[in-house]
Amino acid sequence: MRVVKSVKEVRDAVKEWKAQGLSVGFVPTMGYLHEGHESLIKKAVKDNDRVVVSIFVNPMQFGPTEDLDKYPRDLERDSKLCENAGANLIFHPEKEEMYFEDFSSYVDINGLSDELCGKSRPIHFRGVCTVVTKLFNIVNPDRAYFGEKDAQQLAIIRRFVRDLNIDIEIIGCPIIREEDGLAKSSRNTYLSKEERQAALILSQSLNLAKDAINSGERNSSVVIDIISNSIKKEPLAKIDYIEVVDSLSMKPVKTIEKSVLVAIAVYIGKTRLIDNFTFNI
Ligand code: AMP
């Protein structure tokens, strides 16, 4: 497995593979990889002849008060995980390789990116869409893999790939959790021992909501109250949002009549965590 830093090196490698008729899978990440990322890489390895993983903490998707500088990084550990999972190439660019000083072109998406995380992170999805488009143009894969952990991101990527006729198949992969239910995230490393325990409230509250919906509850505000009442019992938790939205449009729904995403964002101390589940009718 090779680790490269330049756009040209990635392009040359992928061109050579494609000239041999090999298929290419792509897994974009911000690094500090865990079993969630690993599951995406393994799926890509299963589906494709060659796999590229990008590791880039994209400054454009972080707001001014967010955790860009303290975001965890460990390329050596990440390289081992990628190699063991069967990846062929890591693209690990410096920020200067991705953004010219006078960079001024953006990919933005209306509507979908204003809901949920877009409300508290207003520039986030413009940064995500722009960097993912750039990475798609650099890697030129046949398929790209994204986690359902970031369900809104996945819906947005599916939408702009469709809208802009990007010829890449987007594959969503299920959320990987710790044994006690906490969704795996690079940001879990920020949590103190007490906060790590308190963070269980996210998956526990979602499970209560899932039970209620499975038992026939169809009123979104009742579902939201169930989650809210449960989270409020945890003193270290502060709710950012709890929403029941249409799985495709990300617009809130009053009554659960078709496929919905139940999504939450909760601060545990200073760390903002997200979790969700989809209910299909
Ligand atoms: P990140 O490095 O956080 O930008 O994540 C890179 C990719 O890994 C995204 O598509 C995420 O949705 C996915 N991912 C992160 N955590 C998980 C998880 N616990 N389960 C499944 N996929 C995940």
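Only heavy atoms go into these numbers, but all of them, side chains included; no hydrogens, no water, no symmetry mates. As the structure lists them, so they are numbered: ligands from 1, and atoms in each ligand from 1. Computed from a predicted model, the values in this text were never measured in an experiment.
- Using a 4.0 Å cut-off to heavy atoms of Lys184, the atoms of ligand 1 that qualify are 16 (N), 17 (C), 18 (C), 19 (N).
- At a heavy-atom distance under 4.0 Å, only side-chain atoms of His37, from C-beta outward, approach ligand 1.
- For ligand 1, the atoms sitting less than 4.0 Å from at least one non-hydrogen atom of Pro28 are 6 (C), 7 (C), numbered in the order shown with element in parentheses.
- The heavy atom nearest to atom 23 (C) of ligand 1, out of those in Lys149, Gln61, Gln153, is found in Lys149.
- Here the shortest heavy-atom distance to atom 20 (N) of ligand 1, taken over Asp275, Val128, Ile176, Val27, belongs to Ile176.
- Look at Arg187 and you'll find every heavy atom at least 4.0 Å from all atoms of ligand 1.
- The side-chain tip of Lys70 points at the ring of Tyr190 from less than 6.0 angstrom away and within 45° of straight on.
- No hydrogens or angles considered: a donor-acceptor pair under 3.5 Å links the side chains of Asn58 and Tyr99.
- At most 12 heavy atoms of other shown residues, nucleotides or ligands fall within 6.0 angstrom of atom CD in Glu16.
- Shown in contact with Asp150 at under 4.0 Å from a heavy atom are these atoms of ligand 1, numbered in order with element: 11 (C), 12 (O).
- Electrostatic pairing of Glu35 and Lys42 does not count as a salt bridge here, judged by no charged N lying under 4.0 Å from a carboxylate O.
- The distance from ligand 1 to the heavy atoms of Phe146 drops below 4.0 Å at these ligand atoms: 10 (O).
- Between the side chains of Lys134 and Thr130, no donor-acceptor pair of N or O atoms lies under 3.5 Å.
- If you check which protein heavy atom lies closest to atom 10 (O) of ligand 1, you get Gly147 N, 2.9 Å.
- At a heavy-atom distance under 4.0 Å, no atom of Leu154 approaches ligand 1.
- With a 4.0 Å cut-off on non-hydrogen atoms, Pro174 touches ligand 1 through its backbone and not its side chain.
- The atoms of ligand 1 that sit less than 4.0 Å from any heavy atom of Ile175 are 20 (N), 21 (C).
- Annotation: Asp167, atom CG; neighbour count of heavy atoms from other residues, nucleotides and ligands within 6.0 Å does not exceed 12.
- Met30 CG, 3.6 Å is the protein heavy atom nearest to atom 4 (O) of ligand 1.
- Contact annotation: for Ser186 versus ligand 1, there are no heavy atoms closer than 4.0 Å.
- If you look at His34 next to ligand 1, the close heavy atoms, those under 4.0 Å, all belong to the side chain.
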